[in-house]
Each structure stands twice: as structure tokens, then as C-alpha cells.
Amino acid sequence: MDTMRISAGAEKIPVKCNSLSSLVTRRWRTKTFPARIRNWRLLSVKSISSNTKTLVTDSEQVASSIKHHSEFRPLFSPEKFELPKAFFATAQSVRDALIVNWNSTYECYNRVNPKQAYYLSMEFLQGRALLNAVGNLGLTGAYGDALKSLGFELESVAGQEPDPALGNGGLGRLASCFLDSMATLNYPAWGYGLRYKYGLFKQIITKDGQEEAAEDWLELSNPWEIVRNDVSYPVKFYGKVVFGSDGRKRWIGGEDVVAVAYDVPIPGYKTKTTINLRLWSTKAPSGDFDLSLYNSGKHTEAAEALFNAEKICYVLYPGDESDEGKALRLKQQYTLCSASLQDIVARFETRSGGSVNWEEFPEKVAVQMNDTHPTLCIPELMRILMDLKGLSWEDAWKITQRTVAYTNHTVLPEALEKWSLELMEKLLPRHVEIIEKIDEELVGTIVSEYGTADPDLLKEKLNAMRILENVELPSAFADVIVKPESKPVIAEKTIDLSEDAKEDAQTDVIVKPESKPVIAEKTIDLSEDAKEDAQTDVKKEVEEEETAGVIAEVIPEPPKMVRMANLAVVGGHAVNGVAEIHSEIVKTDVFNDFVKLWPDKFQNKTNGVTPRRWIRFCNPYLSDIITNWIGTEDWVLNTEKLAELRKFADDEDLQSEWRAAKKKNKLKVVSLIKERTGYTVSPDAMFDIQIKRIHEYKRQLLNILGIVYRYKKMKEMSASEREKAFVPRVCIFGGKAFATYVQAKRIVKFITDVGSTINHDPEIGDLLKVIFVPDYNVSVAELLIPASELSQHISTAGMEASGTSNMKFSMNGCILIGTLDGANVEIREEVGEENFFLFGAKADEIADLRKERAEGKFVPDPSFEEVKQFVRSGVFGSNKYDELIGSLEGNEGFGRADYFLVGKDFPSYVECQEKVDKAYRDQKRWTRMSILNTAGSSKFSSDRTIHEYAEDIWNIKQVELP
């Protein structure tokens, strides 16, 4: 028997597990694990290459395993053994090793039945898996030698792997870092997501800017995933709610799809623990294919049900401008929640054996919602517990609140999701009933807290805190706010009307019979006579106003919405922000009213990144230097040891090695830029990098305007003056603009136009280059970050929740320029103020600055007016960029008035960049700053973050396999 130890703090609890030999030679007995709910399937020894029962660790065995897979699991023709085939054979060989640990891990989990965390996220931006997997297994050398013996280099083989198109930005990358840390730290946990066939999109840069094409990452299949055809769950949409014979509510009819599980193993670093990322793909049963229609020639109609089911998992964040797009997004979110919770509940029942005690569910299950996308977990778990398991509302609600927790990732109002109540009523009728009941109980809590003595205060709190927005108060509270009856709300609009137009206007404003006047939170039903009086009153007002050229316009009632963030706060036991400043904004601004009700619910969990992928594996040159100088590789697991570099920061030998490692990484990027863009850049120039999702608040526009200003000043100087005034720079951008985000796409177009002009200017040469790397992803980041010397994190203060790329850059010895926003605040504290270039307005100043702008009191700096005029001069082509530059002008209006304060921060930014040039000229000082950034980055390991989640929110213990 093998012995497993469960860590409970410092205490190790021994638990007996079946030996691996007996484990991998059988399948689960159907008696214990019914096929429908079997959580994972063990592979027999025959399915593991060469009938191995243990890990293959030496290079000869590895080479034999690779050749075995190339021969017996071929995806390519047999006569050639080239790089693509070598990659798939190598990946399948590594997967064998992962399966051994994977099965061992879950055999123990099923026996011990520890509390397990489940991390639900719409995105998992994993990156390539091969190098990470062999690194975590400690087999990099063995696989490198084995592939050399077969005529390949490990790095070249790994380069054949496409990036999984399962995410877009920081949200998905954070989720993947967390999975790595959960496995490395031996926490029992799973991830749940969706298996997007075409991803977000593949970005193509043309002369017209960004264009989008479907991702092709699954065209040759994914060697890491294992489809679980025996793990599938029904997911329902539409239909109606009825009472069953047992008195329980039943959701029947409508449209049914099937969610099928695809499992991806996630190995920990230097541990046997290998956890699971379960991705759902959707399909319709074969019976939904209408063969009769097909044979009659109606081929599209015959397959309509199949397409409607499969398209749910086609694209990440499908466009939602149309009603169809909105419905598809809501279907995606519900599919993730429903399939995952059905799976979690089935696992709980299985591990409970013959007697299921639902009160123990929160003692065995922790569900973490990564942002608001999985918020439907709350009504879905309620539905399962009440309608399927027979629990009362009170019991189901207590269990749900103790199980679910919510991570907030934004303070942007547009990102705090709201769904149309009308859409949700159609798509998820049972869930709307549950949400209405939760909202009713919340209203009761608010009324109890604030009383009815001050109707205006109570109304304010109800408007801010209710889950249902613009919806009448529940009948039980219909009279808590009483206002005098009033006429329908009328707005006045002055226009010059012709007689015909006046007649049309009169007709338009007649109140339709079904219309009702809006009175506070309460709608009053009028008698027929009262309705006629209301119509007459409105007609009379119109007639009286005609002579003045004024017509009356009835303001439509605002749309009824479901506020998902409010539901997440109410339905969970914990709410956390992701950086100290962000968590304070969440408490003092975004959810302040809820904080007053439940102060203990809110906490901070500053984000982190895995040091395995983001320094150990992507930056081996620097990693070797750190290990040599510290004297141990333990820093990969205990990043606190990085602080030991501080005592060597001024050592000339370390500085020389440090600069040499940076130069090697820069040479890799020189090749990347040449391959992707055709431009040649100098590795001796400063590499100045901003890589992140393109968004106005992230202010790529500020960066490129700063570059334009720099270019303008260069052009005004002689060659010798330029060389004295400016340090050579390669300014690198990367990131995707959402396909329907027009302003973001304009920014991409502007950057590429500026680059085209500057990069072809012979007077400037290598003194300044502007590069936009197309189709930015994790693999590109793994090259750019180790090569970076300056990185820009310049969002408008108070608008970035945390950021994680700033942590990756700092960990790799890059110096940051940025505002006091997100995790920048904590990074600056850790690395030292003198090792961070700070500029810009502070978060607590932003509201007053916007007010100043709205009042017309803002006076732009002459340098800002100068750069705008230069852009409009035509120097970057015929495009005058009126919409883009116009967004920085005016004092009010949509898309105007410089909401993100580019103009306000511009002079401070330019001045700070001058300080950057001065510091870079002193390479000894710059290298010292770089070393101290790495030395101060220990806090920003995702291991620290996961320990905090495990202790403060999930209450789970480590389970360590021997």
C-alpha cells in the first residue's frame, strides 16, 4: 500500500491509498461509479506506451516512448517523421507520464474525500503545454536528450504547438496561473471552462489595421485533452416551469443540448499532484438530426438543432450587438455553470457513498466564480438542490451561500454585467423565479436595515442594491415607498416643425392603451376613464406647446435588467478584489452599500503569477544566474529567496551576467520581430514594451502619442543633437482589440501607421522603431517579457483592477513606468520607489479632474496641443484620425471629453520618459534597478495568492502524495 499524507497546517495525516500497480490496471467499477456520472476514467496499462506502470525518466526510454507514439498513434503519414509529427508524438509521450500521476492523484482524492475547490472561469489562457509539463515533471533534460537522438531540438519541437485559444487576456491567464499553483501546492482543486473551437480570433494586421480570422488551434487535434464520452450532462434552455406530482417545481420542454467533458491534466512542479481542467463542449443528440428533412433536400433545416447546440462553444465572447448574440453569450455562461455544477454534485454524491447529507456539501465543495460570468451558479445550484434533490428554499439558500464565492475583476460599469430580464425570462424561466425570490429577500433586508422613515434614502438604497433593476418592488413591499400620483413622465424637445410634422408629432405622443404612468418604484393600474383622461392631458399639452415650437416626447421606460454583480455579492459568502487599491475601491465605491450590510464578506487577494512558467521556463538564462548566485533552486517554489539578490545588486560580476542574459533574450525577439513584421531592429536599443488587451483605459493611446511627440522632437534636431538627447528605443506593442470595439481598433490602426512612417525614416534609423507584434498570445509574451527593459503600465488611475503582466515584467528584471493603479502600487512598494518610474494623477483625484473637464476649466498643456496638431498634419498618411483625436477634445458627450485623462497625464508622462532616458544611459544604475525588481517580486507569486484563497475563502487543506 502507498501512503498519502494530508497536510493540515504543519500536521501531516497519513492515509492509505491503493498501489499504483493495481490502480492503473483496472477501470472503475460501474457499481460504485455509474457511467453517467463517472468523473474520470483510468487508462489500462495497455494504453500506456510500452506497458509502463511508472514514469519514464531516462532519455533512452523517452526516445522509445516517442517512437512508439509516432508509430502506433499516428496523426500523420508513416513515411515522414518531421517536426509536426515529432511534436504530437512527444506530447503524447509526456501525457502518458501525466496520466500516471493524474490517476494516482484522484484515486487518493476519491478515497480521502477532502474538501475540494472548483474554479469556474470563462477563460483559461494556458499557453503551450509541452515545456511547462516536462519542466514540472523534472524531465526537461531527458526529453531534450531523447529528441536530439532522434534528430530534433526540444525548443523546435515545442514551437510546433499552437496556443490553446481558450482565453483572451489577464482574466484567463490568471486562471491558468492559479491552476499551476493549486497543483504545485498540492491543493485538491479543479478548473472548469468551455472548449472554444475557434477561440476569440486570430489577429491579422493589414494596411487597414486589425482584421479577425477564426483560430485554428484544434485543426490537428489537441494531444493534451482526453474526451470523456461517459461524462455528459443535459443543459436546458427556454421551456416552462410546472409543478410535479410531488409538489416540486419542474422545468420542462424547450431546447436541450448535451455538454461533454474534455479533460486536460495540470501537473504541479516537483510533485506527483496532477489536477484537472475540465472543459465542456456542446452537442445535440443524434436523434435531433432530422433525416426526413435532410432527404427532402432541406439540409440546413435538418441539421439546425445540431448547429444550435455546437455553436455555443464555437467562439469566446461572441459579438453581442444583436439579440442573437446576447442570447448566445447567456447560453455560454449557463452551460458552464449548469454542466459544472451537475458534475460537482454528482461527485459529491459519489464520494458520500450510500448516505448523502446535503448539509455537508459546503464542507466538501468550494466554488469560486472568476468574475461575474459564472454568476448563474447561484440560481443553478438552488435549482438543483430544490427541484432535483428536494431541499427547502431555506436549506438550499444556506448551502449555496456557504459554497459560492466571487472574485471581482473590474470597477468599469460596463464590465459589471447586466442581462435583460426579458431575455433571461425566455431563456432560463426557472432561474428568473429563483432570482426574483433572492431579490425579494434582499429587499426585505434593505427595508429592515434602513426603515421607511426616510423614503428618499430607502429608494436610493433599493435602486443601488437590488438585483433586479428598473423592476417593480415585490408585492410584499409594494407600499414601502409611497409617492403622490403623477402624470406620465414627459420630456420636452424644442424643434422647428412644419404643420405636417406637428400633426405627425401629435399622433406619436398619444399614450397607447397599454401604457402606464411610472410612479417611483410602483406602477399604478388606471381605470379606463383614467387612461382616457391621461391621453387627453397629453394631447392638450402638445396643442398648448405647438405655438412655441415645442413637442412633448414620452420617455420610454428604462429596460428591466438583472445585475449579475449584485447577485454574486448577495449569493456568495466572500467577495474579493485582486489588488489592495482595487479592493479598497470595491469597498468604498462599487459595493459600498453591501459593505455596510456585510463588512466581513469583503477582502483582498492580490493577484500573482506562476514563477515556473513566467521566469524558470521562459527565461532559463536569468533563472540559471539566480540559482547560481542564491546557491539553490528553491526560489522557484519559495520566491521569498529572491530577496537574497539584493545583497549582490552592486556586484559587477552579477551585473555583467545579468546584462548578458538580457542581450540573449533580446536577440530572440529581434528574430521574432523580423519573422512576424519584416522589420529589423537593433538589440542594442532599449526594448520598451506594452503588451495587453487594447482598451482606452489601458491607454495605449498615451504611449503612442508620447512616441509621436518624441519623433517630432527628433525631427526638429540635427543628427548629433538627437543622439545626445535620446536613447535608442524599440517600442513594442501587442494585444487584441475586441472585434466590435471600434475605438480600440482605431488605436491599433494608428500605432501601425505611426510605425510604418517612423520605421522607414532614414534620418531616424535605429534611434526609434515602433513595432506592433500581430496575434499576441502567451507564447509571444514568453519571448517578449524576458527581453524587456522598460514596460508600460499606464492605465488611468483607479481603473485597472490589478494587472498581472506588470508582475511578470518585474519578476524578469524589467523596470516599470506607470501610474498608481492596480498592482503597480504594491510592486512599487516591494521593489522600491527609486526603481519604478511614476507619473500621472492619483485614483482619488480622478473624479474631480473629470468634473473640472465637464465644467470647461481644464487647460491642456501646450505639448499636448502640439502633438495633436502634428498627428493631424498628415505626416502619418492621409488619415487625419479625427475620431481618435476628437475623443480627447471637448468637455462633454459620448466618445468625447478625454474620459481617460490622456491629455491631463501627457506632460507628466513625457517628463517621466525623460527620466527613463537619463537612467538608461547609466547602465550600472539601470542594471541595479533591474536586479532589485527581480529581488522585490517575491510577493507576486500565484503560490502566495492560492495559499490565501485556500485559507481565507475555500477552507481547503493540502493533500500531499508520497
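Remember, predicted model here, so these are calculated numbers, not experimental data. Throughout, numbering of the chain's residues begins at 1 and tracks the sequence.
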With a 4.5 Å cut-off on side-chain heavy atoms, are [Y] and [X] touching?
{"X": "Ile956", "Y": "Gln116", "answer": "no"}
{"X": "Leu416", "Y": "Met564", "answer": "no"}
{"X": "Arg430", "Y": "Lys249", "answer": "yes"}
{"X": "Leu328", "Y": "Tyr314", "answer": "no"}
{"X": "Arg173", "Y": "Ser176", "answer": "yes"}
{"X": "Val595", "Y": "Asp593", "answer": "no"}
{"X": "Phe594", "Y": "Val575", "answer": "no"}
{"X": "Ile378", "Y": "Met369", "answer": "yes"}

Do you know the tightest heavy-atom contact between [X] and [Y]?
{"X": "Pro285", "Y": "Leu306", "result": "O-CD1, 4.4 Å"}
{"X": "Ala405", "Y": "Ile953", "result": "CB-CG2, 3.6 Å"}
{"X": "Lys461", "Y": "Lys596", "result": "NZ-NZ, 4.2 Å"}
{"X": "Gly169", "Y": "Leu125", "result": "O-CD2, 3.7 Å"}
{"X": "Val570", "Y": "Lys601", "result": "O-NZ, 3.7 Å"}
{"X": "Thr606", "Y": "Thr945", "result": "O-OG1, 3.0 Å"}

Check: [X]/[Y] side-chain N/O donor and acceptor closer than 3.5 Å:
{"X": "Lys605", "Y": "Gln603", "result": "yes"}
{"X": "His409", "Y": "Asn370", "result": "yes"}
{"X": "Trp280", "Y": "Ser340", "result": "yes"}
{"X": "Asn576", "Y": "Tyr406", "result": "no"}
{"X": "Asn408", "Y": "Thr410", "result": "no"}
{"X": "Gln342", "Y": "Ser338", "result": "yes"}
{"X": "Arg351", "Y": "Asn110", "result": "yes"}
{"X": "Thr407", "Y": "Tyr949", "result": "yes"}

Can a salt bridge be assigned to the pair [X] and [Y] using a cut-off of 4.0 Å between side-chain N and carboxylate O?
{"X": "Lys957", "Y": "Glu951", "result": "no"}
{"X": "Lys437", "Y": "Glu433", "result": "no"}
{"X": "Asp263", "Y": "Arg228", "result": "yes"}
{"X": "Glu394", "Y": "Lys398", "result": "no"}
{"X": "Arg250", "Y": "Asp387", "result": "no"}

Residues Trp419, Leu427; criterion side-chain contact (heavy atoms from CB on, under 4.5 Å); working and verdict: CA-CA 11 Å; Trp419 285 108; Leu427 200 67; over 6 Å; no
For the side chain of [X] and the backbone of [Y], is there at least one donor-acceptor N/O pair under 3.5 Å apart?
{"X": "Glu380", "Y": "Leu341", "result": "no"}
{"X": "Arg195", "Y": "Tyr262", "result": "no"}
{"X": "Arg563", "Y": "Glu469", "result": "no"}
{"X": "Asn470", "Y": "Pro559", "result": "yes"}
{"X": "Glu123", "Y": "Asn168", "result": "yes"}
{"X": "Lys560", "Y": "Leu468", "result": "no"}
{"X": "Thr282", "Y": "Ala309", "result": "yes"}
{"X": "Thr375", "Y": "Thr372", "result": "yes"}
{"X": "Arg466", "Y": "Val471", "result": "yes"}
{"X": "Lys197", "Y": "Val315", "result": "no"}

What do you reckon, is [atom1] of [X] surrounded by more than 12 foreign heavy atoms closer than 6.0 Å?
{"X": "Glu441", "atom1": "CD", "result": "yes"}
{"X": "Lys426", "atom1": "NZ", "result": "no"}
{"X": "Glu359", "atom1": "CD", "result": "no"}
{"X": "Lys311", "atom1": "NZ", "result": "yes"}

Say you draw a straight line from [atom1] of [X] to [atom2] of [Y]; how long is it, rounded to the nearest 0.5 Å?
{"X": "His947", "Y": "Ser942", "atom1": "NE2", "atom2": "OG", "result": "10.5 Å"}
{"X": "Asp320", "Y": "Asp323", "atom1": "CG", "atom2": "CG", "result": "10.5 Å"}
{"X": "Trp251", "Y": "Arg383", "atom1": "CH2", "atom2": "CZ", "result": "6.0 Å"}
{"X": "Leu458", "Y": "Glu449", "atom1": "CG", "atom2": "CD", "result": "11.0 Å"}
{"X": "Gln401", "Y": "Met382", "atom1": "CD", "atom2": "CE", "result": "8.5 Å"}
{"X": "Ile434", "Y": "Leu385", "atom1": "CD1", "atom2": "CG", "result": "9.5 Å"}

Residue pairs, two or more places apart or on separate chains, that pass ring pair (Phe, Tyr, Trp, His ring centres under 6.0 Å) and touch residues 363-392: Tyr317-His373
Should the pair [X] and [Y] be assigned to parallel (<30°), tilted (30 to 60°) or perpendicular (>60°) ring geometry?
{"X": "Phe591", "Y": "Phe602", "answer": "tilted"}
{"X": "Trp393", "Y": "Trp397", "answer": "parallel"}
{"X": "Tyr192", "Y": "Trp190", "answer": "tilted"}

Derivation and outcome, side-chain contact (heavy atoms from CB on, under 4.5 Å), residues Arg278 and Val264: CA-CA 6 Å; Arg278 176 157 284 178; Val264 180; over 6 Å; no
Any residue meeting side chain to side chain contact (heavy atoms under 4.5 Å, CB included) with Pro265, in chain and number order, not counting sequence neighbours: Leu98, Trp102, Thr274
Test side-chain contact (heavy atoms from CB on, under 4.5 Å) applied to Leu462 and Val443, step by step: CA-CA 7 Å; Leu462 289 168; Val443 169; 4.0 Å; yes
Phe178 and Tyr119 aromatic centres sub-6.0 Å: yes
CA sep, side-chain torsions, deciding dist, call: Val447, Thr445, side-chain contact (heavy atoms from CB on, under 4.5 Å): CA-CA 6 Å; Val447 171; Thr445 301; over 6 Å; no
Asp256: partners by side-chain hydrogen bond (donor to acceptor under 3.5 Å, both in side chains), with sequence neighbours left out: Lys236
